[in-house]
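The basis for the numbers below is simple: all heavy atoms, side chains too, and nothing from hydrogens, waters or symmetry mates.
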Amino acid sequence: MSALAVRTGSINLGQGFPDTDGPDFMLAEARQAIADGVNQYPPGRGIEPLRRAVADHARRHYGLDYDAETEVLITTGATEALAAAILAFVDPGDEVIALEPFYDSYAAAIQLAGGVRVGVGIFGPDFRLDTERLRAAIGPRTKALLINSPHNPTGVVLTRDELDLIARLAVEHDLIVITDEVYEHLIFDDAEHLPLATWPGMRERTVRISSSGKTFSATGWKIGWAMAPAELITEVTAVKQFLTYVSGAPFQPAVARALNEGDDWVAGLRKELQGKRDRLAEGLRAIGLDPVIPRGTYFMTTDVRPLGYHDGIEFCRDLPGRSGVVAIPHQVFYDDVEAGRPYVRWAFCKADAVIDEAVSRLRHRSAD
């Protein structure tokens, strides 16, 4: 869809990347690192200042203690951390329960490991976790839970009660838990991000994954990390070293500084994104759509049936030619395609002027 946006000159409200950069001091740190010759392989687990900054960040925000030497691994974005964790712990025939709709890399990584994906729905129109289906999904072949909150593509932030159930089930069935927390700081209104690793019995079985890309608006740097007990991190590292080995040498000191000094900048970003969310929601309502207001992430969802469409793919294929705007159909994130068929995902991590122009184009299309 991003290629289609470029080809048609459309505004890209599909792919989740911001059109502004991260904090100036972080960008300057990377430029200085390049000038200082920080351009060769960093240590396999990442530079020590960044690993320490990741550990300090977890302690400061969540009261979680990780040893920077043995319990933190720097990866090529969260996507590599997820792939490495899945490949490390999932054997052929093992089942992995994941929240459906899925971030698209989950399916590929589970398939590469020879695992079996089992979806538990966060389905429309209310987009809440189906807790009874979660209970029922766990069986003798279940090896891992893959939990994404704040959740892409729905924007759902799991509640304390939902997380409590997940934790109890994981402990009861002795499951590995992999948590995708890349949107941990991009939460709105009264939402609170609560890492599963803070629950009793969970730290020792949880691989926490996050990254700098979303938090600091640097998605192209691909600097992520995994945190877990030493024995789990050792297994993830054994896989990671044969994927990319290392990455992003001059970006690592910059991300370390951002983690240490960037809390105020992130708070400002979160406030800006909430305003952008509300701006796009108002514009979508003006063309006859009723957006599901997200509590986190870059994304909001609409049901396109009020505009006469019953298939999100059809809507998204028509949209560039008719309006000069690109969005993403939900069903590409689902095994249960019918559950996602009428829904479309819109990204609001764009400049206000870009959102306004997109809404103007959409209004012109709806008037036609």
> Provide the full list of ring pair (Phe, Tyr, Trp, His ring centres under 6.0 Å) pairs with a residue in residues 228-250, sequence neighbours left out, each pair given once.
Tyr41-Tyr245
> Hydrophobic cluster mates of Ile293, side-chain heavy atoms under 4.5 angstrom, ILVMFWY only, any path?
none
> Using a strict cut-off of less than 4.0 Å between a Lys/Arg side-chain nitrogen and an Asp/Glu carboxylate oxygen, indicate whether Arg277 and Asp189 qualify as a salt bridge.
yes
> If we ignore hydrogens and angles and just use 3.5 Å, is the side chain of Thr75 paired with the main-chain N or O of Gly77 as donor and acceptor?
yes
> Report yes or no: do Ser323 and His364 form a side-chain donor-acceptor pair below 3.5 Å?
no
> Hey, does Leu186 have a side-chain heavy atom less than 4.5 Å from the side chain of Leu273?
yes
> I'd like to check the side chain to side chain donor-acceptor pair (under 3.5 Å) partners of Arg135; sequence neighbours left out, ordered by chain and number.
none
> Taking C-beta and beyond as the side chain, do Asp161 and Leu163 meet within less than 4.5 Å on heavy atoms?
no
> Answer whether the closest heavy-atom distance between the side chains of Pro195 and Leu64 falls below 4.5 Å.
yes
> Taking side chain to side chain donor-acceptor pair (under 3.5 Å) as the test, write out the residues that go with Arg128, two or more places apart.
Glu162
> Between CG of Asp19 and CG of Asn12, what distance do you get to the nearest 0.5 Å?
10.0 Å
> Heavy-atom distance under 4.5 Å between the side chains of Arg345 and Phe333, does that happen here?
yes
> Could you tell me whether Glu95 and Lys143 make a salt bridge, using a distance below 4.0 angstrom between a side-chain N and a carboxylate O?
no
> Between the main-chain N or O of Ser247 and the side-chain N or O of Thr76, is there a donor-acceptor pair closer than 3.5 Å?
no
> Any ion pair linking Glu357 and Arg361 (charged N to carboxylate O, less than 4.0 Å)?
yes
> Within the 4.5 Å heavy-atom criterion, are Val72 and Arg45 side-chain neighbours or not?
no
> Specify the closest pair of heavy atoms between Leu362 and Leu284, including all atoms of both residues, with the distance to one decimal.
CD1-CD2, 4.1 Å
> Mind listing the closest non-hydrogen atom pair of Ala191 and Val157 along with its distance?
CB-CG2, 4.3 Å
> Under 3.5 Å, which donor-acceptor pairs do the side chains of residues 21-29 form with other protein atoms, sequence neighbours left out?
unit_1 : atom_1 : unit_2 : atom_2 : d
Glu29  : OE1    : Arg257 : NH1    : 3.0

> Would you check, one step at a time, whether the test side-chain hydrogen bond (donor to acceptor under 3.5 Å, both in side chains) holds for Glu184 with Thr215?
CA-CA 8 Å; Glu184 60 184 313; Thr215 299; 4.9 Å; no
> Which ILVMFWY residues can you reach from Val337 by hopping between side chains whose heavy atoms are under 4.5 Å apart?
none
> When rounded to the nearest 0.5 angstrom, what is the spacing between OG1 in Thr20 and CD in Glu272?
7.0 Å
> Report yes if some heavy atom in the side chain of Met227 is under 4.5 Å from a heavy atom in the side chain of Thr206; otherwise report no.
no
> Backbone N or O of Ala88 within a donor-acceptor pair of the Glu235 side chain at under 3.5 Å?
no
> If you measure from the Lys or Arg side-chain nitrogens to the Asp or Glu carboxylate oxygens, is any gap between Arg160 and Asp164 under 4.0 Å?
no
> Under the side chain to side chain donor-acceptor pair (under 3.5 Å) test, which residues partner Ser105, sequence neighbours left out?
none
> How about Leu129 and Leu158: do any of their side-chain heavy atoms sit closer than 4.5 Å?
yes
> Could Asp352 and Arg279 be called an ion pair, given the rule that one side-chain N must be under 4.0 Å from one carboxylate O?
yes
> Within 45° of the ring axis of Tyr298 and under 6.0 Å from its six-membered ring centre, is that where the NZ or CZ of Lys350 lies?
no
> Looking at Arg168 and Glu172, is any side-chain nitrogen of the basic one under 4.0 Å from a carboxylate oxygen of the acidic one?
no
> Per the salt bridge (Lys or Arg N to Asp or Glu O under 4.0 Å) rule, what does the pair list look like for residues 107-120, sequence neighbours excluded?
Arg117-Asp335
> Nearest 0.5 angstrom please: Asp130 CG to Ile122 CD1, how far?
10.0 Å
> Are Glu181 and Ser210 close enough that a side-chain donor and a side-chain acceptor fall under 3.5 Å?
no
> Does the Asp94 side chain pair with the main chain of Gly115, one donor and one acceptor, at a distance under 3.5 Å?
no
> Could you report the tightest heavy-atom contact between Gly44 and Val246, atom names first, then the distance?
CA-CG1, 3.6 Å
> Checking Thr142 against Val118 for the side-chain contact (heavy atoms from CB on, under 4.5 Å) test, could you report, in this order, the C-alpha distance in whole Å, the side-chain angles of both residues, the deciding distance, and whether it holds?
CA-CA 9 Å; Thr142 305; Val118 178; over 6 Å; no
> Look only at the side chain of Glu100 and the backbone of Asp336, and say whether a donor-acceptor pair between them is shorter than 3.5 Å.
yes
> Using atom types as modelled and distance alone, determine if a side-chain donor or acceptor of Arg270 lies under 3.5 Å from a backbone N or O of His185.
yes
> Name the residue from Phe299, Tyr334, Phe123, Phe127 that meets the ring-ring contact (aromatic ring centres under 6.0 Å, His included) definition with Tyr343.
Phe127
> Which pairs pass ring pair (Phe, Tyr, Trp, His ring centres under 6.0 Å) with one or both residues in residues 189-229, sequence neighbours excluded?
Tyr62-His193, Trp221-Phe251
> For a quick test of reading the model, state the closest non-hydrogen atom pair linking Ala197 to Met202 and the distance between them.
CA-CB, 4.1 Å
> Is the backbone of Pro229 close enough, under 3.5 Å, to the side chain of Glu204 for a donor and an acceptor to pair up by distance?
no
> Apply salt bridge (Lys or Arg N to Asp or Glu O under 4.0 Å) to residues Arg52 and Glu48 and explain how you reach the verdict.
CA-CA 6 Å; Arg52 188 172 64 247; Glu48 191 272 340; 2.4 Å; yes
> I'd like to know if the side chain of Asp67 and the backbone of Glu69 have a donor-acceptor N/O pair within less than 3.5 Å.
yes
> With sequence neighbours excluded, tell me which residues meet side chain to side chain donor-acceptor pair (under 3.5 Å) with His151.
Thr154
> Do you know the tightest heavy-atom contact between Ala347 and Gln15?
CB-O, 4.0 Å
> Going from CD1 on Ile97 to CD1 on Ile147, what distance comes out if it is rounded to the nearest 0.5 angstrom?
8.0 Å
> Which distance, rounded to the nearest 0.5 Å, do you find between the CD of Glu71 and the OG1 of Thr234?
9.5 Å
> Quick one: salt bridge (Lys or Arg N to Asp or Glu O under 4.0 Å) pairs with a partner in residues 287-311, sequence neighbours left out?
Asp190-Arg295, Asp303-Arg305, Asp311-Arg341
> When you measure from the side chain of Arg141 to the backbone of Gly93, do you find a donor-acceptor pair of N or O atoms at a distance under 3.5 Å?
yes
> Take a 6.0 Å sphere around CD of Gln40 and say whether it holds more than 12 heavy atoms from other residues, nucleotides or ligands.
no
> Could you tell me which non-hydrogen atom of Pro320 sits nearest to which non-hydrogen atom of Val326, and how far apart they are?
CG-CG2, 3.8 Å
> Does the side chain of Tyr309 come within less than 4.5 Å of Asp318's, by heavy atoms?
yes
> How many angstroms lie between atom CG of Asp356 and atom CD of Glu282, to the nearest 0.5 angstrom?
9.5 Å
> Which hydrophobic side chains are connected to Leu232, either touching it within the sub-4.5 Å cutoff or through other members that do?
Leu73, Leu82, Ile86, Phe89, Val90, Val96, Phe102, Tyr103, Tyr106, Ile110, Leu146, Ile176, Ile178, Val207, Ile209, Ile233, Val236
